Amino acid sequence: MVFQFVGGLGIFLFGLKYMGDGLQRSAGDRLRDILDRFTTNPVMGVLAGILVTILIQSSSGTTVLTVGLVNAGFMTLRQAIGVIMGANIGTTVTAFIIGIEIKEYALPILAIGALLIFFFKSNKITYIGQALFGFGALFYGLDLMSNGMKPLRTLESFQDLTVSMSDTPLLGVVIGTLFTVIVQSSSATIGILQGLYEQGAITIEAALPVLFGDNVGTTITAVLAAIGASVAAKRAAFAHVIFNVVGTVVFLLILNLYVPLIVYMQAVLSLNEPMTIAFAHGIFNISNALIQLPFIGVLAYIVTKLIPGEDMAVDHKPKHLDPIFIEQSPSLALGQAKKEVMRMGEFAYRGLEETSHYLNSDLRKHADLAMQFEEALNNLDRKITDYLVTISGTSLSDAESAKHSALMDSVRDVERIGDHFENIIELIDYKLTNKMELTEQAREDLNDMFNLTLITVKQAMKALDNMDREEALSVVQKEKQIDQYERSFRKKHILRMNEGVCSGPSGIVFVDILSNLERIGDHAVNIAGEVLSQDKP
């Protein structure tokens, strides 16, 4: 019984994940785009959450993705709460799929999936095969679990537990919560519940509190994803917990009304046992979302108070690029684009600064924040470039054309600074993973190089902002000093290598960090060059 149940659970979980992965790969990057674009208001957020969860077959996956988007600054807390509500509704689709009586066809579905995976070269067909194989494995695992649970009907201790859960609904909630925390999938625990109810091992009175507990237990994945994340991401995860706990409390209070409703629906609609649980699950989550949807602002306020602190999430979205300026005045639009380029410059400087902190402290929070700045740079690069391309379609004077060209080139250089500090973060990660140590002298040299590069980047952006020729010339001089530093520090490094003070692998990390900082200096001087070229008579 145990072997069949555990093996069936394993195949079920594998099938669920494999199906979700196949669907996710078929969808590609569209999932993130759906969440990023279609969450303008809470209702749209709920719909986006439902759609993405249906596609990846995991409310936990959607919630983790949402926490990631909040952490990266792509989504506000209020938007995230809407998506989380939608994810809870979307996950009920798995229960409805299980309720359809197609267990007998599990093996043929597995065979078709395997055929598509192994005999077709097209990635799209392979991904569809993966989704089908996972779909078949899900039902095959469910069938094994269901057969394994048959003897529970005659097990006296299990019958006593069922009676206890019927008499004490809170016990059922606790059991459902704990089991979902262990299995890390509410779909799996609800599948087990459907199997138990189908085998007659549990009554509907005992099953419904367990069902509520399953929904509470699924929030643990989001909580784990938020550990070490930004304050906003922690708030999103905690909002998920509150949302499901409040829903559970409400339905426990009306349990005496809810049980007869489900029994009535089962009789009227001629539902089989698994489909009855699916309907109960669907009604619970849809009703919970409808009840709490008007109170998203209140929920956001509560979690903000419960989890205090300044939100360190970087705002990835442009603040100054209103298309109306292009129609009204191209000159004014160029001014707005310049403001956004200066924001980019600030992000590049702060990202490089956080990278420097990461090198000296080895604290992951600095790397994560730097990577947020890098993502913001990539996003702003695309948005500003598109805005400038639109401006180029209008009539510009010679001076405006020169300014337009300078901004286009500067955007590219600022974005490249982000790429280089991302490279440095990867080098530091490599150093930490392989437990490499830099000598005291090497650290000192890198810090000198970092400090000079930071000053140079800041001065380059200041020169661009004020179109200041003196500042730009100063950047050129500092870039020459960066080049001298790089040559000097390389020679010192070779001496340390010859003396056996520094190891080969850590030396490579040292040299590569130097090279990336030198390249950042080159991009800073390119920005200064735009100022100097504007100043020519």
Side-chain angles (χ1 to χ4, degrees), residues 1-2 4-6 8-9 12 88 91-92 94-96 98-99 142-220 244-288:
M1 185 181 89
V2 172
Q4 209 167 0
F5 174 76
V6 173
L9 178 60
F12 180 92
N88 274 31
T91 196
T92 61
T94 312
F96 280 102
I98 292 167
L142 195 68
D143 197 34
L144 286 175
M145 275 196 297
S146 188
N147 290 332
M149 289 184 291
K150 272 181 185 173
L152 287 175
R153 285 181 298 182
T154 55
L155 204 65
E156 195 175 336
S157 56
F158 190 81
Q159 287 174 351
D160 292 342
L161 179 64
T162 305
V163 170
S164 300
M165 285 192 292
S166 301
D167 295 339
T168 316
L170 200 58
L171 177 64
V173 173
V174 171
I175 289 169
T177 303
L178 290 175
F179 198 60
T180 306
V181 167
I182 294 164
V183 177
Q184 285 286 290
S185 168
S186 62
S187 293
T189 50
I190 288 162
I192 291 165
L193 195 62
Q194 286 172 300
L196 285 169
Y197 187 49
E198 187 179 22
Q199 296 298 334
I202 192 169
T203 62
I204 193 70
E205 290 81 5
L208 292 181
V210 177
L211 180 71
F212 305 153
D214 291 340
N215 282 278
V216 175
T218 196
T219 63
I220 194 69
N244 279 2
V245 168
V246 167
T248 297
V249 170
V250 169
F251 272 79
L252 279 176
L253 292 172
I254 60 164
L255 189 62
N256 289 335
L257 298 173
Y258 192 51
V259 171
L261 172 68
I262 298 302
V263 171
Y264 173 76
M265 286 183 70
Q266 183 179 18
V268 170
L269 300 174
S270 302
L271 302 174
N272 62 30
E273 289 81 0
M275 194 59 87
T276 304
I277 297 294
F279 265 86
H281 189 210
I283 292 167
F284 170 77
N285 279 305
I286 293 167
S287 304
N288 192 21

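Everything numeric in this text was worked out from a predicted model, so none of it was measured.
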Could you state the interatomic distance from [atom1] ([X]) to [atom2] ([Y]), rounded to the nearest 0.5 Å?
| X | Y | atom1 | atom2 | value |
| --- | --- | --- | --- | --- |
| Asn88 | His281 | CG | NE2 | 7.5 Å |
| Thr92 | Phe279 | OG1 | CZ | 10.5 Å |
| Asn256 | Leu261 | CG | CG | 13.0 Å |
| Glu273 | Ile204 | CD | CD1 | 9.5 Å |
| Ile262 | Glu205 | CD1 | CD | 11.5 Å |
| Leu208 | Thr203 | CG | OG1 | 8.5 Å |

State, to 0.1 Å, how close [X] and [Y] come at their nearest heavy-atom pair, and which atoms those are.
| X | Y | result |
| --- | --- | --- |
| Pro169 | Pro209 | O-CB, 3.1 Å |
| Phe96 | Gly282 | CE1-CA, 4.4 Å |
| Ile277 | Tyr197 | CG1-CD2, 3.9 Å |
| Asn272 | Thr276 | O-OG1, 2.7 Å |
| Ile283 | Met265 | CD1-SD, 3.4 Å |

Output yes when a side-chain donor or acceptor of [X] lies under 3.5 Å from a complementary backbone atom of [Y], and no otherwise.
| X | Y | answer |
| --- | --- | --- |
| Asn288 | Phe284 | no |
| Gln194 | Pro274 | yes |
| Asn215 | Asn244 | no |

Query raised in the report: Hey, which of Leu252, Leu253, Val246 is the one that makes side-chain contact (heavy atoms from CB on, under 4.5 Å) with Val249?
Result: Leu253
